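These numbers were taken from a predicted model, which means no experiment stands behind them.
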Number of protein chains: 2
Amino acid sequence: MPNQKPTAAAIPDAPELAAPAKRLRGGPKGLRITDVAALAGVAPITVSRVFNSPETVAPDTLERVRQVVQKLGYVPNRLASGLSSSRSRLIAAIVPTIAHSLFSETIQVFSETMSRAGYQVLLALSGYSDSSEEALLDAVLSRRPEGVLLTGIAHTDSLRERLRNVGMPVVETWDMTATPIDMLVGFSHHEIGAAVAEHFLQRKVRAPGLISANDDRALARRDGFRERLAQAGVGEIAEVLVLPPSSIAVGKAALPTLLEQAPNLDAVFCGSDLLAIGVLGAAKRLGLSVPSQLSICGFGDLEYATETTPQLTTVRVDGARIGLTAARCLLDRLSGVEKSKVNNVGFHVVERETT
Amino acid sequence: MPNQKPTAAAIPDAPELAAPAKRLRGGPKGLRITDVAALAGVAPITVSRVFNSPETVAPDTLERVRQVVQKLGYVPNRLASGLSSSRSRLIAAIVPTIAHSLFSETIQVFSETMSRAGYQVLLALSGYSDSSEEALLDAVLSRRPEGVLLTGIAHTDSLRERLRNVGMPVVETWDMTATPIDMLVGFSHHEIGAAVAEHFLQRKVRAPGLISANDDRALARRDGFRERLAQAGVGEIAEVLVLPPSSIAVGKAALPTLLEQAPNLDAVFCGSDLLAIGVLGAAKRLGLSVPSQLSICGFGDLEYATETTPQLTTVRVDGARIGLTAARCLLDRLSGVEKSKVNNVGFHVVERETT
DNA sequence: CTGAAAGCGCTTACAG
DNA sequence: CTGAAAGCGCTTACAG
């Protein structure tokens, strides 16, 4: 056997003419449009039309191709179609966080609306730190989305600049600015602060304080709060800034600190309903009755709070409406319609307490 | 002027030799890898390596290319790289809803973890209806994700079959089954029902009822609840099934209905904490004291409930841990590591009431 | 109404 | 350590 010479016939599959060695790239990974086309007896472009412009295809051709698609279980590759057509059908949603969050309702409605229009949502969680925002934006832009939803107005100038330059539709939400990157659906945190101050002033509050995170939006509320109070001659505002994520526990811990600064404290504006509930708990423990001795106002109008803590005032923002409006702005723009760029959806101070 | 004959020179840009009319496709849409390559004096493949395997590039080449990338603001096109490499770097998360939801924490942690590993999350909201799940799966698969997170086990056989066939890593979460599609991180809703029944039995409850949605997981809890009670000789269980989304208002409305069925009702197992809070409110209005006359158990352990409604019992599930574990399962699989396929993360019945 | 050719912007698979 | 060629699976831009 070792002496057996190989014959020509023993060399398997020896190509007659050394073909240019077609380099296969890992073999077939799944069904392609050409598989459908071959089986349906049409050109690939016709299969493409069945998906993208069925009205341009003859009814019987349409039917035949669809049957093959169904039979084979073919699903088009949107990486390929996106690359080829420059239409990714992707929308990016950049959100600080969706857990226990005011924003989750906005994203929910936004996503439902975009998906009904044939888009899919890429979720990008930015956290509350600006540190990695450049990297996040790179990651987002690398998918070539057709539009971007931002929760809050973009913070850094570099980010705003880049988003402006890419030229894609951008909606900023949950905030207000005179110089949006593109479109905006939101409300003024500064005005909210002023409205809460107004509310406290009507209650004859004398020593209001504030407990809040120190992100841009929270600080805008603070500034509005302070300015309105200053107009009314209330100048000294005790203040405790807390780190996110806000929670009931954080609120509980903050009240004693605030009381050290202002022993006569008779009102607190909290950055969120969770903080407000914590403050309420701490107040009870300290024997302070709410709202008669201490008025507490939260922010966010979470459903739980409405039912279980009627002593609290809060500020309601319609997150679902923001999501819907933002989606519509983007969709209008994507279909070439020009709409009003800035949408102020407003807010409501909700008093539930019955003094 | 009307008589002026056009001269050859007046015909602008007439090509000498009619070249094969190179068809431009809309012109340049942005920077490409070739732009970076040209400016850095390297081949495109080298720029590709700078992004994908920098350790294989000479240090000074690396530096030079990176400078050009920085200067130009080049962001690679992941539609193209995904198509070419069959690695989309995309993970799909299929969730019924993220608003006011138990799942939002899971998705939050899952997304953070995947993003740290270089993946991005495509959010797919399935709603609570199975109707459009096939279309949703088509949309998801069209992006060629490298893995899929499912919230709950997939419902229809056809869906399970398709997911099994595509051969990509799949993690089912928030539930338990003997026949997962692939991997699973969850707990048994049936056992939760039994545990709540056990809890009620220890309280000498005699006429327990149930208020819940009628999705698969809720029904599994109900069955576990009933079976354990039946073992203890409690056979008649009043029941009200409500439509999602669950809310406080729905809970409020359901209690009177339940009381019609069972006038002696002394315990209610609710499908969510929101329902439980609604039932608590309704009970107060009816003059029933909780928990002495009526024990109420929720599900989900929302933070608000913990602080504001200590009369309620609830069932706690660690959504963050589910998200983290699910992400790790997927990442292990994607890097070729085989891990345990089924992870039972368990749950806790949280009694807060102090009778 | 349908199709052949070229191109979208990358990476694979070699080769040096 | 670097590069030329070919290919990923679609769609555009024509042409008929």
**Student:** Measuring from atom CG of A:L31 to atom CG of A:N77, what distance do you get when rounded to the nearest 0.5 angstrom?
**Tutor:**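 Spacing of CG (A:L31) from CG (A:N77) equals 11.5 Å.
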**Student:** Need one value for B:A80: base, sugar-phosphate or nothing, where a base atom within 4.0 Å counts as base even if backbone is also close, heavy atoms only.
**Tutor:**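 Base: the residue B:A80, judged by heavy atoms under 4.0 Å, touches a nucleobase.
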**Student:** Would you say B:T61 reaches D:dT2's phosphate, i.e. side-chain N/O to OP1/OP2 under 4.0 Å?
**Tutor:** yes
**Student:** In which ranges does DNA chain C form stems of 3 or more consecutive Watson-Crick or G-U pairs, distances under 3.5 Å?
**Tutor:**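 Expected stems, ordered by start: C:1-3 with D:14-16, C:5-12 with D:5-12, C:14-16 with D:1-3.
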**Student:** Verify the contact: side-chain N or O of A:T46 to OP1 or OP2 of C:dG3, cut-off strictly under 4.0 Å; return yes or no.
**Tutor:**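 Checking C:dG3 against A:T46, a side-chain N or O does come within under 4.0 Å of OP1 or OP2.
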**Student:** Indicate the atoms forming the closest heavy-atom contact of B:P180 with B:V342, along with that distance.
**Tutor:**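 Distance-wise, the nearest heavy atoms are CG-CG2, 4.1 Å.
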**Student:** Applying a 4.0 Å non-hydrogen cut-off, can you work out what B:Y74 is touching in the nucleic acid: base, sugar-phosphate, or nothing?
**Tutor:**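 Sugar-phosphate only.
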**Student:** Hey, does the side chain of A:S86 come within less than 4.0 Å of C:dC8's phosphate (OP1/OP2), counting only N and O?
**Tutor:** no
**Student:** What do the steps show when you test B:E133 against B:R162 for salt bridge (charged side-chain N to carboxylate O under 4.0 Å, His left out), and what is the final call?
**Tutor:** CA-CA 12 Å; B:E133 281 211 320; B:R162 287 182 69 189; over 6 Å; no
**Student:** Distance check, rounded to the nearest 0.5 Å: A:R87 atom CZ versus B:L79 atom CG?
**Tutor:** 13.0 Å
**Student:** How close or far is atom P of D:dT11 from atom CZ of A:R89, stated in whole angstroms?
**Tutor:**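 Atom-to-atom, A:R89 to D:dT11, this comes out as 11 Å.
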**Student:** For the pair made of CG in B:N52 and C1' in C:dT12, what is the distance, rounded to whole Å?
**Tutor:**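 Atom-to-atom, B:N52 to C:dT12, this comes out as 12 Å.
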**Student:** Have a look at B:R87 and say if it touches a base, only the backbone sugar-phosphate, or nothing, with a 4.0 Å heavy-atom cut-off.
**Tutor:** nothing
**Student:** Nearest to the side chain of A:L83, which nucleotide is it out of C:dC8, D:dG3, C:dG3?
**Tutor:** C:dC8
**Student:** When all nucleic acid strands are considered with a 4.0 Å heavy-atom cut-off, which category describes A:R78: base, sugar-phosphate, or nothing?
**Tutor:** nothing
**Student:** Tell me yes or no: between the side chains of A:Q120 and B:R143, is some donor less than 3.5 Å from an acceptor?
**Tutor:** yes
